[in-house]
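Here's the structure we're looking at; comments come further down.
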Amino acid sequence: MEKRNIGFELTIYNSENELSQEEAKLLEKAVSARKKAYSPYSNFQVGAAVLLENGKIVIGNNQENASYPSGLCAERVAVFQAGALFPTQRIIAIAISATSKNYVVNTPAGPCGNCRQSIAEYEQKQKTPIIILMRGEKGKIYKSNSIGELLPLAFNNSFLEDS
Ligand code: THU
């Protein structure tokens with residue numbers, strides 16, 4: 001029998017002033033994307049901004065649907081758009097910003113499980129880590145060095161190959 005502790009490093013910034021210029025700009029893009037979210041059912045607005053290795057930034061926001069499960073989260077809108085537009089460009093980082101029309105979100109909102117799985121696919125594909133920056137509307141900013149660290153023991157394509 002063996003017990004393991006699986007942890008991960010989280011960097012916590014007090015404000016955008018502590019971020020690099022590049023990261024602050026990426027977060028700003030997530031904030032402006034968030035403001036255009038289509039979320040009439042939840043009133044919860046999420047924006048995501050994906051930084052590619054060629055310096056381009058691709059954004060996404062949550063797109064809801066009257067048939068609730070047909071909607072999609074901001075993170076997946078953004079990474080799928082990045083994959084569609086720039087299939088050979090590696091993703092360096094993704095910034096996420098979330099808030100509500102009904103209350104102030106001052107805690108960073110982590111990506112949901114489905115989004116973690118979707119982002120992890122690209123990390124697996126490109127073989128380099130994808131940084132995740134998270135923020136609510138205001139307050140602290142969390143940074144994870146790799147989506148894989150936010151999804152330990154993930155299912156990936158290695159399970160689909162012949163052994
Ligand atoms: N949402 C996201 O866009 N990203 C997440 O990681 C969590 C949730 C959206 C989905 C839905 O439109 C709304 O937030 C409330 O769940």
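Because only heavy atoms are used, hydrogens play no part in the values below, and waters and symmetry mates are left out as well, while side chains stay in. Every value quoted in this text rests on a predicted model; they were computed, and no experiment measured them. Just so you know, ligand 1 is whichever comes first in the structure, and atom 1 is the first atom listed for that ligand.
- The two residues F86 and K56 have their closest heavy-atom pair at CZ-CD, 3.4 Å.
- Within 4.0 Å of ligand 1, the residues that place a heavy atom are S42, F44, V46, N62, E64, C73, A74, E75, G110, P111, C112, listed by chain and number.
- Within the structure, side-chain hydrogen bond (donor to acceptor under 3.5 Å, both in side chains) pairs that include any residue of residues 38-50 comprise S42-E64 (at least two apart or interchain).
- Annotation: ring-ring contact (aromatic ring centres under 6.0 Å, His included) contacts of Y103 (sequence neighbours excluded): none.
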N/O donor to acceptor pairs below 3.5 angstrom from side-chain atoms of residues 22-32, sequence neighbours left out:
from : atom 1 : to   : atom 2 : distance (Å)
E23  : OE2    : K143 : NZ     : 3.0
S32  : OG     : E28  : O      : 3.4
S32  : OG     : K29  : O      : 3.2

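- Between F80 and the options V58, L72, L85, a side chain to side chain contact (heavy atoms under 4.5 Å, CB included) holds for only L72.
- Using a 3.5 Å distance cut-off with no hydrogens or angles, the side chains of N156 and S158 do pair a donor with an acceptor.
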